[in-house]
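As structure tokens, the structure follows; a few thoughts come after it.
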Amino acid sequence: MTLDELGHQTAQQFARTYGRPPHWMAAAPGRVNVIGEHTDYNDGFVLPMAIERYTVIAAAPAADGKGRIQLHSTASNGAVSLDLSEPVKPGPKGAWSNYPVGVIAGFLDRGAKLGGFDAQVHSTVPLGGGLSSSAALEVATATLLEEITGQQLDPVDKALLCQKAEHDYAGMPCGIMDQFISVMGKRDHLLLVDCRSRRPELVPMSDPAMALLVVNTNVKHELTGGEYAKRRAQCERATKALGVASLRDADADMLERTRRRMDEVVYRRARHVVSENERTLLAAEGVRASNWPTVGQLMYASHASLRDDYEVSCPELDAVVEIALDIGREGGVAGCRMTGGGFGGCAVALVRTDAVAAVSERVAAEYERRTKIKPALFVSRPAAGATVLKG
Ligand code: ADP
Ligand code: MG
């Protein structure tokens, strides 16, 4: 579905819910991280891409002229009504409306003058599928509010406002990647983000010969051991042994020299982060130069490092990567890796555009044969970031 079609559907949904057409519409994309995993909380580098899947929010001034905001989503039953004469607070834990309400609170905190409005959310980003439907919802809301208030935010400030909404209202202590790419993504570009300086840099991927194939394994292994917190603590121990502020400041030589002062597991965790930062910078150069064999090799190396050193992969993600390797460059696959936090979720492959149909078919069939699970696949070129569809 094109973004125009999605916008059209959203306007229809709005009319069905509220009995009149919307005045404003804004859209923001989901994302996939091409490379740079578990580097964000180590002050490192990430290289995400906006995907051709969007969340649209349509709105019109409240019909009764009262200072009340109503929010509906086609993906969710609970509608929300917000009285602007009262302080805005987070709703119950897990409520979908916490994301847009947190963004509204961020605008009010900045002194924005908001009257009541009715809004309808409609999306093609799968919810909870690791493609950041949460950031798409926040950034679409922020883009809508810029339009309603006439107050344009600086892009970095806008992304940080959305991140704060996710922290404070949804209770999810996320990094900055998802909101940065959803705000600042650009068609035919990836975005290299330095998570320390928070400086984003667009990386042209203009060669139409290649696209990204996202393979959702449709598994999510619930881990009881607090694996994410453990990884963060291990990275912390590595920085202490290395005497650096964060793993961003370490390189392979330093790590080897300090190896004896770390336990084996902490060493391997640090080796992943240090090497992943290097790979991410090299991959950005490779994308710029349309050097696809190199970018693909870096993706495979990233996967091996996440699997062996960081130990956040799982048999299903490994299966997708093995299938990609079997298909090989001759079959149209340059590289493949798990993407996102791990233990399930999605893999991403760099695929020749003219081979996408054949590769998708082969990956889906072979994955199902090996795991007895049906995967979900879709292909995307680097898409545009947040936009106003109607203002
Ligand atoms: P991800 O961001 O990977 O999709 P999250 O768990 O971070 O997964 O965010 C998913 C949550 O965001 C959903 O459970 C829901 O609360 C909210 N959400 C995202 N998109 C929508 C939508 N279109 N309509 C309603 N809620 C949404
Ligand atoms: Mg999310």
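Start at 1 and go down the list; that is how both ligands and their atoms are numbered. Position 1 is the first residue of the sequence; numbering continues from there. On a predicted model such as this, the values are computed, not experimentally measured, just so you know.
- In this structure, of Ile57, Asp178, Thr74, Leu127, the residue bringing a heavy atom nearest to atom 13 (C) of ligand 1 is Leu127.
- Residue Thr55 has no N or O atom closer than 3.5 Å to an N or O atom of ligand 1.
- Atom 27 (C) of ligand 1 has its closest protein heavy atom at Leu137 CD2, 3.6 Å.
- Taking distance alone, with nitrogen or oxygen atoms compared against 3.5 Å, Ala135 stays at or beyond that limit from ligand 1.
- Residue-level proximity to ligand 1 for Ala75 is carried by the side chain, the only part with a heavy atom below 4.0 angstrom.
- Looking only at heavy atoms of the protein, atom 4 (O) of ligand 1 is closest to Ser133 OG, 2.6 Å.
- No close placement of the Phe343 and Tyr228 rings is indicated, their centers lying 6.0 Å or farther apart.
- At the top of the distance list for atom 12 (O) of ligand 1, counting protein heavy atoms only, stands Tyr99 CE1, 3.4 Å.
- Taking every non-hydrogen atom of Ser123 and a distance limit under 4.0 Å, the qualifying atoms of ligand 1 come out as 23 (N).
- Residues passing the side chain to side chain donor-acceptor pair (under 3.5 Å) test with Arg268, sequence neighbours excluded: Glu264, Glu311.
- The contact set between ligand 1 and Gly130, taken as ligand atoms under 4.0 Å from a residue heavy atom, comprises 3 (O).
- Salt bridge Arg231/Glu236: absent, no basic N to carboxylate O contact under 4.0 Å.
- No chain of hydrophobic side-chain contacts below 4.5 Å, direct or via other Ile, Leu, Val, Met, Phe, Trp or Tyr residues, connects Val121 to Met25.
- Between Asp253 and Arg259 there is no salt bridge, since no side-chain N of the basic residue sits under 4.0 Å from a carboxylate O of the acidic one.
- Side chain of Ser182 to backbone of Pro29: a donor-acceptor contact under 3.5 angstrom is found.
- Less than 4.0 angstrom separates some heavy atom of Gly129 from each of these atoms of ligand 1: 4 (O).
- The protein heavy atom nearest to atom 8 (O) of ligand 1 is Gly128 CA, 3.3 Å.
- Put simply, part of Pro126 is less than 4.0 Å from ligand 1, judged by heavy atoms.
- The single protein non-hydrogen atom nearest to atom 22 (C) of ligand 1 is Ser73 OG, 3.7 Å, given as residue, atom name and distance.
- Taking a cutoff of 4.0 Å between a charged side-chain nitrogen and a carboxylate oxygen, Arg381 and Asp188 qualify as a salt bridge.
- The protein non-hydrogen atom at the shortest distance from atom 26 (N) of ligand 1 is Trp96 CB, 3.3 Å.
- Excluding waters, the set of protein N, O or S atoms lying under 2.8 Å from the Mg ion (ligand 2) comprises Ser134 OG.
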### Step-by-step side chain to side chain donor-acceptor pair (under 3.5 Å) determination, His122 to Thr74
CA-CA 6 Å; His122 190 54; Thr74 36; 2.6 Å; yes
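- The proximity of Ser134 to ligand 1, defined as any non-hydrogen pair under 4.0 Å, involves the side chain as well as the backbone.
- Residues passing the ring-ring contact (aromatic ring centres under 6.0 Å, His included) test with His272, sequence neighbours excluded: Tyr310.
- The existence of a salt bridge linking Arg199 and Asp194 is excluded, since no basic side-chain nitrogen approaches an acidic carboxylate oxygen closer than 4.0 Å.
- Side chains of Arg279 and Ser305: a donor on one and an acceptor on the other come within 3.5 Å.
- Remark: side-chain polar atoms of Thr239 are not paired, donor with acceptor, to backbone N or O of Ser246 under 3.5 angstrom.
- Glu285 pairs by the side chain to side chain donor-acceptor pair (under 3.5 Å) definition with nothing, not counting sequence neighbours.
- With a 4.0 Å heavy-atom cut-off, ligand 1 is reached by the backbone of Leu131 but not by any atom from C-beta on.
- Side-chain polar atoms of Thr124 and Arg53 form no donor-acceptor pair below 3.5 angstrom.
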